2 protein chains.
Amino acid sequence: MAKNRGYGRAETTTPALGSLDFALDRGSPVPLYYQLAQQLEAAIEHGVLAPGNLLGNEIDLSVRLGLSRPTVRQAIQTLVDKGLLVRRRGVGTQVVHSQVKRPLELSSLYDDLEEAGQGPTTQVVRNELVPAAPDVAAALGIAEGGEVTVLERLRFTHGQPVAFLCNYLPAGLLDLDTARLEATGLYRMMRSAGITLHSAHQTIGARAATAEEASRLDEKEGAALLTMQRTAYDDTGRPVEYGTHVYRASRYAFDFQLLVRP
Amino acid sequence: MAKNRGYGRAETTTPALGSLDFALDRGSPVPLYYQLAQQLEAAIEHGVLAPGNLLGNEIDLSVRLGLSRPTVRQAIQTLVDKGLLVRRRGVGTQVVHSQVKRPLELSSLYDDLEEAGQGPTTQVVRNELVPAAPDVAAALGIAEGGEVTVLERLRFTHGQPVAFLCNYLPAGLLDLDTARLEATGLYRMMRSAGITLHSAHQTIGARAATAEEASRLDEKEGAALLTMQRTAYDDTGRPVEYGTHVYRASRYAFDFQLLVRP
DNA sequence: TAGTGGTCTAGACCACTAT
DNA sequence: TAGTGGTCTAGACCACTAA
């Protein structure tokens with residue numbers, strides 16, 4: 001009995017990849033497996049490798065490319081991790097039917113808006129050192145009453161307010177120049193300060209706007225707002241930012257791609 | 001100049017791990033790297049390996065365990081992928097300071113509620129075959145007007161409505177028995193039918209409740225609701241489900257853990 | 001300079017899938 | 001049965017970090 005579904009599409013189409021030539025540069029500092037992965041990804045992106053296409057077995061590939069099998073496997077694995085390829089024992093490696101574009105990102109509102117061509121601007125409302133409230137202290141792993149930077153910003157696109165952002169950061173983590181904060185996003189400033197974000201915990205909810213929020217965001221009192229709380233961690237697992245954000249639901253929604261880890 | 005932050009914690013604590021003994025069973029069908037990864041994870045979970053602890057270099061580890069270095073690396077890599085360990089060239093491998101519990105999940109409302117001890121129940125409002133509307137057809141990659149199953153459910157906890165779920169599935173994908181749908185979740189039914197979810201695209205937003213939604217969810221008209229649209233794909237990338245969900249913001253919020261892929 | 005992880009090789013055997 | 005990916009070994013050299 002097939003454990004399978006009644007609506008089929010051909011599992012394989014063409015063996016393909018025969019004439020595909022990959023240019024590997026052994027002199028480059030870029031790892032060989034990475035060069036291969038990039039070129040495979042480009043081939044998939046450009047449709048040279050169509051969904052359902054088999055990639056050919058790893059041994060042949062490694063011989064043709066003059067690489068060892070583990071190296072080829074490493075290249076393939078990175079694309080499997082990205083969700084572009086699927087491996088099936090006894091079958092082969094094939095291009096996933098429907099592609100996943102953004103595997104997952106710790107999204108930055110500023111980057112999101114800029115990418116969407118929304119020309120974001122920022123107005124810093126508050127930027128000072130304060131003693132940590134209990135929730136902030138807990139989120140940042142700091143003693144209650146310890147110094148933290150509080151940052152309140154209004155974000156606009158096309159002159160319209162989109163969100164009110166309140167963030168807390170460990171004091172001294174970063175030079176939070178107000179002018180730079182208005183010219184770029186917080187995450188970009190952290191990145192350029194050598195802080196690499198690694199993970200985050202997010203809670204997304206909704207509620208009605210208070211009178212104050214309504215006036216700040218140019219909504220009516222009681223309008224639906226989207227809320228997000230986020231704690232972000234750097235690559236050693238130290239909390240580097242805790243934020244409470246409020247978005248106008250009429251102008252913003254969260255959009256992600258999820259991958260299920262096997 | 002240090003690219004580093006002014007609030008420090010010691011980078012390393014104890015070399016540790018000296019007496020930690022791992023039991024590897026070569027007769028087991030479970031891969032060696034996986035056995036090692038599990039035992040390392042358990043040691044971290046139980047605090048035997050504390051945050052900041054160095055793991056000792058890979059060569060020594062492999063000698064001590066009687067494994068080859070690539071096998072040990074593979075074990076470590078899976079934990080790095082999970083966000084439990086950090087590797088630094090020239091430094092070593094250490095346990096992340098603040099741990100990430102759920103790296104990421106394609107969350108199922110039913111499972112979420114059950115896990116939270118909320119005893120979810122479901123009422124199937126509608127379960128029939130209909131021709132696909134344009135948006136549904138586009139999401140499922142099916143011809144417009146083609147047959148799809150439409151499923152409308154109300155989900156409760158403690159007798160209170162939490163969400164109204166509307167899902168579309170390719171016709172014939174799954175046997176959608178109403179009784180089973182009321183006893184369990186849709187994703188569980190898909191999983192037990194051999195469909196392995198692989199990725200999904202989600203949009204989360206908010207809006208005010210319409211009169212109809214308000215009466216269904218026991219809210220007032222205009223109350224803030226949390227909305228989600230999701231298209232889920234199986235491991236070959238075929239869309240297997242498209243859904244439009246509405247949650248009572250007063251009773252539900254989305255909660256995730258995000259990992260940034262390097 | 002010594003020690004670490006990052007990359008790479010050239011094999012081997014096994015488990016699973018399809019025919 | 002033939003072909004595939006999954007796992008594993010025992011080395012090698014390099015790039016980076018810290019002292």
Side-chain angles (χ1 to χ4, degrees), chain A residues 1-4 10-12 15 17 24-38 40 53-81 85-95 194 196 235-236 262, chain B residues 1-4 10-12 15 17 24-38 40 53-81 85-95 194 196 235-236 262:
Chain A
M1 240 299 282
K3 49 151 64 170
N4 233 318
E11 281 293 4
T12 72
L17 186 64
L24 298 173
D25 176 8
R26 294 191 105 92
S28 161
V30 177
L32 292 171
Y33 80 89
Y34 194 81
Q35 294 183 36
L36 177 54
Q38 280 190 317
L40 277 171
N53 278 180
L54 284 169
L55 212 61
N57 76 59
E58 297 170 350
I59 313 268
D60 286 358
L61 247 185
S62 61
V63 171
R64 269 226 316 280
L65 298 172
L67 297 174
S68 70
R69 185 184 167 205
T71 302
V72 171
R73 273 184 70 80
Q74 195 175 0
I76 292 175
Q77 188 58 46
T78 67
L79 298 188
V80 170
D81 287 344
L85 295 177
V86 190
R87 290 208 256 220
R88 297 167 183 276
R89 182 143 46 172
V91 178
T93 302
Q94 49 184 317
V95 179
T196 53
D235 52 7
T236 70
Chain B
M1 243 303 283
K3 50 152 63 170
N4 233 317
E11 282 293 3
T12 73
L17 187 64
L24 298 173
D25 176 9
R26 294 192 105 89
S28 161
V30 178
L32 292 171
Y33 80 90
Y34 194 81
Q35 294 183 37
L36 176 55
Q38 279 190 318
L40 277 171
N53 278 179
L54 284 169
L55 211 61
N57 75 60
E58 299 170 348
I59 313 268
D60 285 357
L61 246 184
S62 61
V63 171
R64 269 227 315 282
L65 298 172
L67 296 173
S68 70
R69 184 182 168 208
T71 302
V72 171
R73 273 184 71 79
Q74 195 174 358
I76 292 175
Q77 188 57 46
T78 67
L79 297 188
V80 171
D81 287 344
L85 295 176
V86 191
R87 290 207 257 221
R88 296 167 183 278
R89 178 142 50 169
V91 178
T93 303
Q94 49 184 318
V95 179
T196 53
D235 52 5
T236 70

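Each chain gets a letter, A, B and so on, in the order its sequence line appears, and its residues count up from 1. Here the structure is a predicted model, which means the values were calculated and not measured.
Residues meeting the side chain to side chain contact (heavy atoms under 4.5 Å, CB included) test with A/Thr93, sequence neighbours left out: A/Leu55, A/Ile76, A/Leu85, A/Arg87. With sequence neighbours left out, B/Gln38 forms a side chain to side chain donor-acceptor pair (under 3.5 Å) with no residue at all. With sequence neighbours left out, the side chain to side chain contact (heavy atoms under 4.5 Å, CB included) criterion links B/Asn57 to B/Ile59, B/Asp60. For B/Ser68, the side chain to side chain donor-acceptor pair (under 3.5 Å) criterion is met by B/Thr71, not counting sequence neighbours.
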So which protein nitrogen or oxygen atoms get under 3.5 Å of nucleotides 16-19 of chain D's nitrogens or oxygens?
| unit_1 | atom_1 | unit_2 | atom_2 | d |
| --- | --- | --- | --- | --- |
| D/dT17 | O4' | B/Arg89 | O | 3.4 |

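Under the salt bridge (charged side-chain N to carboxylate O under 4.0 Å, His left out) criterion, the residue pairs touching residues 66-80 of chain A are A/Glu58-A/Arg69, A/Glu58-A/Arg73, with sequence neighbours excluded.
Nearest heavy atom pair, residue B/Ala37 against residue B/Leu79, reads O-CD1, 3.7 Å.
If you walk DNA chain C from 5' to 3' and mark each nucleotide with an atom closer than 4.0 Å to a heavy atom of chain B, the marks span C/dG3 to C/dT7.
In this structure, A/Pro29 reaches neither bases nor backbone, as no heavy-atom distance under 4.0 Å exists between it and the strands shown. The residue A/Ile59 sits apart from the nucleic acid: no heavy atom pair falls under 4.0 Å.
Remark: B/Arg88 CZ to A/Thr236 OG1 distance equals 6.5 Å, nearest 0.5 Å.
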Let me have DNA chain C in dot-bracket notation, would you? Count Watson-Crick plus G-U wobble pairs, both distances under 3.5 Å, and use [ ] for pairs crossing earlier ones and | for inter-strand partners. ||||||||||||||||||.
Indicate every side-chain donor-acceptor pair of residues 29-36 of chain A with a distance under 3.5 Å to a residue at least two apart or in another chain.
| unit_1 | atom_1 | unit_2 | atom_2 | d |
| --- | --- | --- | --- | --- |
| A/Gln35 | OE1 | A/Asp25 | N | 2.8 |
| A/Gln35 | NE2 | A/Asp25 | O | 2.9 |
| A/Gln35 | NE2 | A/Val30 | O | 2.9 |

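The stretch residues 72-79 of chain A touches DNA chain D through A/Arg73, each having a heavy atom under 4.0 angstrom from the strand.
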